[in-house]
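Start at 1 with the first residue, then count along the sequence.
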Amino acid sequence: MDPLTMTDEMEAIDEATQYRRKIDHSLARFSAAHDDAAAEEAKRRERRERLTTRSMALFEQTRTALQRVVLLDKEDEEEEKPAEQSERTRLQEKKQRHIARNIRIGRIALIVIAVLIFIGTGVAWGAVTWFDAKFTEVSALDENSSDIQNADAQANDENFLMVGSDSRDGASSEENVGDAANIPGARSDTVMVAHVPADRKRVVVVSFPRDLEIDRPDCNRWDPAKSQNTDEIVREQKIAKLNTAYAVGGPQCMTKVIQKITGLRINHFIGIDFNGFKEMVDAVHGVTVHNEKPIDDTTLGKVLAETGDVTISGDQALSYVRARHVIGDPTSDYGRIKRQQAFIGALLKKVMSSDVVLDPGKLSGFITAFAHATFGDNLGVQQMMTLAQSMRGLNPANINFLTVPTVGLPNKRGNEVLVQEKTKSLFDALRDNTPLPGNQPAGTAASAPPANADSRKSTNTG
């Protein structure tokens, strides 16, 4: 029996009473549903407020920690002034400057780690998803290649292949680099491998001349406009320049060549284009480089007239790292490699400085420019966070900038030629995590060309 149609004594009631009871029963159900929805919304609002409060607290803690490091550095510098007035020997002064420099480097490293931790934990703002969504992924890696030597020993090593592409897409006439109509496709203007062993006790960055003579393998054709390889096969070329590997086969082909030369297991690829490079420099309001003499390039013109510490903009920086016909350079590539290595150090120093780290606008601008300008394989916030955390104890002095050993003189084809024995020794040491050849001290830039190297320029322009 339907209870809506019966009295408490189980007797039938009239239709009007039944109708009223049905209405009251429906209203009661709607009221209960409304109360349940309101309670659920209150719970969601409470969770959002709790998450926001926690995130803001994390932000304030990180900012306070960064400010404390920076301010402490300034206080130490002020305390050093009275001490300098006391009489000290030259040896004591040199030792004190060395200690102070190491302390500052360590604090800069702490700032970077704190910022990376903040980015990694700032999930409330979707930082990781935001960055990875803007980063262009390409196919570049072949971690099962037969060219990889002693793969088991490299199991936990990190090897970053870094390529600066000289694609003219989007370049303006004022940049003096040519345009896509006259110089189509893309070449590798800069090629470096950053090796970080499993113990994270050192970092070795090895540069490769773009005119290095190589045996280029079969490669799938690279389409720079679509950032992908096609099905067309470009046949091997026994004698070719290194930068042609990227021109015909893109990241995949370049990775093949570098793994064959080094035997390293390349597990990260990162590329960067011209225009994005400029945007990164401009985002931090310029980078300061130390210039010993004016840089006059026969193709680009007067790149840098000033000497000493000079702050350069994005346009100047682009010419600074591209210049390869500089009057007075021993060869077309070695002078440029030296400038590229110096500039990378200067850019990292600027990005890690309090001027950028504590300025949300500059830091955000740099991260945005970096995401827009770069492309890669197995390179995202999570991978960088894992690497940064594993390198916390690294002494900044244990970072080496080297150039792959060559004879120092271009051959009749205008190519640089590897010194095979020295090259093997270098990469054996990296793969096996043994001391570098010659027991070279850490923190030095090495392998300039021989003093008697002539200044003949390569016939490969661009």
Does the side chain of [Y] come within less than 4.5 Å of [X]'s, by heavy atoms?
X      : Y      : result
Val289 : Ile312 : yes
Lys293 : Leu304 : no
Val257 : Tyr246 : no
Asp296 : Val326 : no
Ile337 : Thr190 : no
Met280 : Ile272 : yes
Leu426 : Thr262 : no
Asn433 : Asp199 : yes

Modelled atom types, side-chain donor and acceptor of [X] and [Y], under 3.5 Å:
X      : Y      : value
Asp432 : Asn150 : yes
Glu213 : Asn415 : yes
Thr244 : Gln237 : no
Gln149 : Arg431 : yes
Thr288 : Thr311 : yes

Any side-chain to backbone donor/acceptor pair from [X] onto [Y]? Under 3.5 Å, distance only.
X      : Y      : result
Asp157 : His195 : no
Arg339 : Ala323 : yes
Arg265 : Ala155 : yes
Lys350 : Val284 : yes

Is there any salt bridge (charged side-chain N to carboxylate O under 4.0 Å, His left out) pair reaching into residues 366-377, and which pairs are they, with sequence neighbours excluded?
none
For residues 362-374, which residue pairs qualify under salt bridge (charged side-chain N to carboxylate O under 4.0 Å, His left out), counting only residues two or more places apart or in two chains?
Asp355-Lys362
Does a salt bridge link [X] with [Y], judged by any charged N lying under 4.0 Å from a carboxylate O?
X      : Y      : value
Asp218 : Lys256 : no
Lys302 : Asp297 : no
Asp211 : Arg413 : no
Arg200 : Glu158 : yes

Determine, stepwise, if the pair Ile148 / Gln154 fulfils side chain to side chain contact (heavy atoms under 4.5 Å, CB included).
CA-CA 9 Å; Ile148 298 173; Gln154 301 186 57; 3.9 Å; yes
Let me confirm one number: the [atom1]-[atom2] distance from [X] to [Y], rounded to the nearest 0.5 Å.
X      : Y      : atom1 : atom2 : value
Asn229 : Ser139 : CG    : OG    : 6.5 Å
Glu279 : Phe366 : CD    : CZ    : 12.0 Å
Asn220 : Ile233 : CG    : CD1   : 4.0 Å
His325 : Arg336 : NE2   : CZ    : 8.0 Å
Lys278 : Ser319 : NZ    : OG    : 9.0 Å
Leu141 : Asn159 : CG    : CG    : 10.5 Å

Please state whether the rings of Phe375 and Phe269 are parallel, tilted or perpendicular, taking 30° and 60° as the class boundaries.
tilted
Give me the ring orientation class for Phe160 and His268: parallel if the planes are under 30° apart, tilted from 30 to 60°, perpendicular past 60°.
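Aromatic pair Phe160/His268 classed parallel.
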To check you understand the geometry: which heavy-atom pair defines the closest contact between [X] and [Y], and what is its length?
X      : Y      : answer
Pro294 : Thr307 : CD-CG2, 3.7 Å
Val281 : Gly314 : CG1-N, 3.7 Å
Val138 : Pro251 : CG2-CG, 4.1 Å
Phe370 : Thr374 : O-OG1, 2.5 Å
Gln259 : Asp142 : NE2-O, 3.3 Å
Arg216 : Ala240 : NH1-CB, 4.0 Å

Would you check, one step at a time, whether the test side-chain hydrogen bond (donor to acceptor under 3.5 Å, both in side chains) holds for Asn378 with Asn267?
CA-CA 7 Å; Asn378 193 26; Asn267 47 11; 5.7 Å; no
Could you walk me through whether Leu418 and Val404 pass the side chain to side chain contact (heavy atoms under 4.5 Å, CB included) test, one step at a time?
CA-CA 8 Å; Leu418 286 175; Val404 66; 3.4 Å; yes
Counting only heavy atoms not in Asp215, do more than 12 fall under 6.0 Å of its CG?
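Counting other residues, nucleotides and ligands, CG of Asp215 exceeds 12 neighbours.
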Assess the residue pair Leu242 and Val191 against the criterion (side chain to side chain contact (heavy atoms under 4.5 Å, CB included)); give the C-alpha distance rounded to whole Å, side-chain angles, the decisive distance to 0.1 Å, and a yes or no.
CA-CA 9 Å; Leu242 176 63; Val191 180; 4.2 Å; yes
As a quick check of understanding, evaluate side chain to side chain contact (heavy atoms under 4.5 Å, CB included) for Val419 and Val407, giving each step before the final call.
CA-CA 6 Å; Val419 178; Val407 298; 4.0 Å; yes
